[in-house]
Each structure stands twice: as structure tokens, then as C-alpha cells.
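Comments concern the structure below.
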Amino acid sequence: MMSRSNILKNPLLLFLSLFIFLSLSGCGSKYYFEPKEEEIKGKISFNDSIPSPIVSLVRDGATLKNGQFITKYSEIPNVYLPKDARYLNQTEDYYLASAYQSLLLINKEDHTQTSIAFDNTPISASMYGQLIAVIFDNNTFALYDLNKSQITYKQDSTLAPTNNTLIAAPYFLNDIVVIPTLDGKLVIIDKNNMQMIRNIVVNGDKYFNNVIFLEAIGNRMVAATPKRIISVSPSVINTFNANIKDVLFFEDRIFIFTSEGEVILTDQDLNEKRRVKFPFAHFTAANHGRNIVILETRGYLIALDDELQNSSIFTLPDEITNPIFSGTRKIFIGNKILEVE
């Protein structure tokens, strides 16, 4: 048997002993968000239910088990997708869905379906007029002209086989199309002459690095991957590093929700104004009504004012174990609805 003195004299044995001790002492030690009883202001009930639970998510919508879907405006149309199809987005005239190696355009008026065949499976898409921007599961993207029934621009990118489920959609902005790739880039295409004019790297990590947020207000565009958020203006690109769960963007302020249970308020240039931390909180959804509303997996709702000066905590009926989609003024949890006032 090795004596204590021999262990202390042998650096390798000392290191191994310390490693084993730390590993064993850490086993089973999990920390949870547990607000004090006096911090809990009351209970929140779900407002309604939906016809079927959520089975898949993208940034702009969710697909239900029965084939219906939720739009980013929290609508559930009386439309049923084919088996194994997944909702992606909508325009003024169409709903867009993916069905293996095809993109489905579903007319909003008569529900007729147009199927466009591709070589790969669409996982994100947007449409403006007759031009469709599609991102595929192999990180290729293409612009497809519906009038001409042909691809007018296509570009391959580095394979990104693993990615976050919150896949942002392409963004049409005046004469350009902004493509959020699965490997953390924004590719900007001039849609008039079908040429790439810029390639912006949001973050260069290899895995789980797809763009999860992309939005523009005025002359400001904000995009985020799970590790970095950028704010792009005509004159400068600002960056902010964090472990990002979600983002809310308003004209003069940006809210960043992190994996460490932090809510960070910045201005539009990503200069930090205030930060508040909820120890060990695991955020699952964020929304905005009169207040910032966050759901936490242990079954809590956290409400914050716009300046992050005051917070209130409420309990939900259950812990959150089902997929969640956050739409306009509503959060969908499994097959339940929580309205955000």
C-alpha cells in the first residue's frame, strides 16, 4: 500500500490523487435556480392550449405533431403539412415548409401547394416577391427565382453537421439578401446582379455555431451565434462575446440572455449599460410585453423592467421539459400557451 509520504513525494501520484478527489467530490453536485420564498410574487397559470405539442423549431416558427404550425406572429393557421414536413417561415402570400429535399410553398388563400425540388434538404428560407433564399442542411445556400423556375445564385460553405436548433432565416433588406450560415457567417448578396458583396464572420467556432438571431431595424443589423453578437451599421461593426441563449432587439437597446443566467442590456452599439444575474438559472425562452419575460426550466417566470432595475419571480404550473417557441406576445410550451401582456 502506498504511504501518504510516498504520494506527496511523487508529483504524478499527487496530481492523480487530487484529480480523483475533485472528481468524486463533484459527482452529483448540481446547482439549480432556487429563489427565496419571499422573492416569489405569486403563481402564473397557462392561458390556453394548442391542438398538438411542438415537435420542431426554427427561429421564425414551430411545427406541431399533428402537422399544423405556429408562425412568428403566434398564429396557428388551419393548414396541415404533409407527413414529416417542417414549417420554416411565411410571406404575405405563402407559408414556407421543408419536406426532405423539397421546399413547399403553401398559398394562404386556397392552401394549394407548390413543391420545388432541390439536391439537399432546406432548413431555413425566406421569400420576397418571386425570389426565395434557401439554406440547406449541408450549409449550401441558394437564391431561387420562382418566375424563372431556376436557381439564380448558389454558394457552398464549410460543412456544419451540428448546429443549434434556433436557425435564423435569410433577410431581405432593400437591394441585398443577408444569408445567415450554419458556420457563423453573414453572406451578403446583391439581388440585382446576383453577386456576393460582403462576407461577415460573426464567430468562427466549428460546432453549434449557426446564426441564431438576425434582425434589422433602420440602418442597424444585429446578428448572433451562441458565442457572439454583432451590431452592424454603415460605418462600423461592434461585437460582444457571451454564451448566448437568446436576444431581443429594439431600436435603441439590445437584451442578451446568457447560459449563466444573466440578462445584459446594451445600447445599439453593444456598449453594456446594465447586467443582472439570476444564479444557476437556465433560460428557455424570452419575450417582451410591458416587461421583459423569461422562462426558467425549473418552472419559474422572471419579469424585468426595460432598464433591468426591478424584477419579479413567479412560479409556473410545472417544470419545463417540453420544446418551447416564443412568438409575438405568446410563449408556447409543449401544448400550452402563456400570454405575455
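Hydrogens, waters and symmetry mates play no part in the numbers below; they use all other heavy atoms, side chains included.
- Of all heavy-atom pairs spanning Tyr94 and Lys108, the tightest one is O-CE, 3.7 Å.
- Here Glu307 pairs with Arg253 in a salt bridge; the nearest charged N to carboxylate O distance falls below 4.0 Å.
- Heavy-atom neighbours of Glu251 CD from other residues, nucleotides or ligands within 6.0 Å: at or below the threshold of 12.
- A salt bridge links Asp269 with Arg220: the closest approach of a Lys/Arg side-chain nitrogen to an acidic carboxylate oxygen falls below 4.0 angstrom.
- The structure places CG of Asn322 at 7.5 Å from CG of Asn335, a figure rounded to the nearest 0.5 Å.
- Counting only heavy atoms from C-beta outward, the side chains of Gln113 and Pro82 approach each other to under 4.5 Å.
- Annotation: Lys273, atom NZ; neighbour count of heavy atoms from other residues, nucleotides and ligands within 6.0 Å is above 12.
- Taking the six-membered ring wherever Trp is involved, the centroid distance between the rings of Tyr300 and Phe278 does not fall below 6.0 Å.
- With a 6.0 Å radius and a threshold of 12 heavy atoms from other residues, nucleotides or ligands, Glu341 has its CD atom at or below the threshold.
- Met221 and Val178 get closest at one heavy-atom pair: SD-CG2, 3.8 Å.
- Across all non-hydrogen atoms, the minimal contact from Ala99 to Ala85 is CB-CB, 4.2 Å.
- The two residues Leu146 and Ile116 have their closest heavy-atom pair at CD1-CD1, 3.9 Å.
- The backbone N or O of Ser326 sits nowhere less than 3.5 Å from a side-chain atom of Asn287 that would complete a donor-acceptor pair.
- For the side chain to side chain contact (heavy atoms under 4.5 Å, CB included) with Ile188, the lone residue among Ile176, Asn199, Ile179, Val177 that qualifies is Ile176.
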- Message: Checking Ser74 against Phe325 for the side-chain contact (heavy atoms from CB on, under 4.5 Å) test, could you report, in this order, the C-alpha distance in whole Å, the side-chain angles of both residues, the deciding distance, and whether it holds?
- Response: CA-CA 9 Å; Ser74 297; Phe325 175 69; 5.5 Å; no
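- Nearest heavy-atom pair across Lys43 and Phe314 is N-CD2, 4.5 Å.
- Under the 3.5 Å distance criterion, with hydrogens and angles disregarded, a donor-acceptor pair is assigned to the side chains of Thr140 and Asp156.
- Transitive grouping of hydrophobic side chains (ILVMFWY, heavy atoms separated by less than 4.5 Å) brings Val222 and Leu166 into a common cluster.
- Taking CZ from Phe46 and CG from Asp318, the interatomic distance works out to 6.0 Å, rounded to the nearest 0.5 Å.
- By the 4.5 Å heavy-atom criterion applied to side chains, Thr266 and Asn271 are not counted as neighbours.
- Within the model, atoms CD1 of Ile264 and CD1 of Ile256 stand 5.0 Å from one another, a figure rounded to the nearest 0.5 Å.
- Salt bridge present: Arg59 and Asp246 bring a charged side-chain N and a carboxylate O closer than 4.0 Å.
- Rounded to the nearest 0.5 Å, atoms NZ (Lys227) and CG (Asn241) are 9.5 Å apart.
- To the nearest 0.5 Å, the span separating CD1 on Ile313 from CD1 on Ile294 amounts to 9.5 Å.
- Between the side chains of Gln68 and Asn66, at least one donor N or O lies within less than 3.5 Å of an accepting N or O.
- For the atom pair CZ of Arg198 and CD1 of Ile189, the computed distance is 13.0 Å after rounding to the nearest 0.5 Å.
- Distance alone, capped at 3.5 Å, places no donor-acceptor pair between the Thr284 side chain and the Thr297 backbone.
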- After noting the C-alpha distance and the side-chain angles of Ile132 and Met127, does the key distance pass the side-chain contact (heavy atoms from CB on, under 4.5 Å) rule? CA-CA 4 Å; Ile132 307 170; Met127 182 176 179; 3.8 Å; yes
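- In this structure, the side chains of Leu131 and Met194 come closer than 4.5 Å at one or more pairs of heavy atoms.
- Considering all non-hydrogen atoms of both residues, Thr225 and Asn203 come closest at OG1-CB, 3.4 Å.
- In this structure, Tyr100 places its OH atom where only 12 or fewer heavy-atom neighbours from other residues, nucleotides or ligands lie under 6.0 Å away.
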